[in-house]
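All of these numbers come straight from a predicted model, not from anything done at the bench.
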Amino acid sequence: MSTALQMTAFGLALLSTFFLLLATCTDCWMVNADDSLEVSHKCRGLWRECVTNMQDGVRTCDQYDSILADHPVKIVVTRTLLITADLLAGLALATLLLGLDCIKFLKEDPRVKLKMCYGAGVILGVGSILGLVGSVWYAVDVYVERAMLVSHNIFLGVHYDFGWSCWLGMAGSMGCGVASVLLTCCLY
């Protein structure tokens, strides 16, 4: 039972960490929500903004000036939280891998291996919270920005909605949270 639970948590943590990394690196955190007569598809990410021409499929991206440039708070906070969540999830994955019963590392001391699994669960939980706060922070900011424009009857031609990268960040964070619960609560 313990080995099956560990393997389930490891598989979920591995997939969730991949989702978090993918969400951090991709550029579709916000997409244009206008589908009237749009000839292009616009995506904004944490690192750049991309426009895809719908007729010929040509995609062009504009990098943001610099990592140290003056960016909006939502981008800086989301970058920081997601990168930290990625690092913590990677550390937890390495710790969990060494703590699995099927790995021969420290095979003679099962209590240490159990503590490593528990520690990995705690680290995954912290990473999950940071990733979820970053993803939800960005999504709420997009919603508030759109609501402010609508409430003031301002139409700029493009309204943005949550992109697949934002949803991927939330899914990865939730998966890390479930793996954390499996390792900290259900393993003992």
J.: Are the two sulfur (SG) atoms of Cys61 and Cys50 closer than 2.5 Å?
T.: yes

J.: Give a yes or no on whether the backbone of Leu100 and the side-chain of Lys113 come within a donor-acceptor separation of less than 3.5 Å.
T.: yes

J.: Hey, are the side chains of Gln6 and Cys117 touching, using non-hydrogen atoms and a 4.5 Å cut-off?
T.: yes

J.: Roughly how far, to the nearest 0.5 Å, is CE of Met174 from CG of Leu12?
T.: 10.5 Å

J.: Under the rule for side chain to side chain contact (heavy atoms under 4.5 Å, CB included), what residues qualify as partners of Asp62, not counting sequence neighbours?
T.: none

J.: Taking the side chain from Ser180 and the backbone from Cys176, do they hold a donor-acceptor pair closer than 3.5 Å?
T.: no

J.: Contact between Leu46 and Asp27 at the side-chain level, heavy atoms closer than 4.5 Å - yes or no?
T.: no

J.: Could you list the donor-acceptor pairs under 3.5 angstrom formed between side-chain atoms of residues 125-139 and any protein atom two or more places apart in sequence or on another chain?
T.:
| residue | atom | partner | partner atom | Å |
| --- | --- | --- | --- | --- |
| Ser128 | OG | Ser173 | O | 2.7 |
| Ser128 | OG | Gly177 | N | 3.3 |
| Ser135 | OG | Gly131 | O | 3.0 |

J.: Looking at Trp167, I want to see if its CH2 is surrounded by more than 12 non-hydrogen atoms of other residues, nucleotides or ligands under 6.0 Å.
T.: no

J.: Taking atom CZ of Phe18 as the centre, report whether more than 12 heavy atoms of other residues, nucleotides or ligands fall under 6.0 Å from it.
T.: no

J.: If you look at every heavy atom in Trp29 and Gly45, which pair is closest and at what distance?
T.: CD1-CA, 3.9 Å

J.: Can you list the steps and then say if Leu124 with Leu88 is a side chain to side chain contact (heavy atoms under 4.5 Å, CB included)?
T.: CA-CA 7 Å; Leu124 268 175; Leu88 287 174; over 6 Å; no

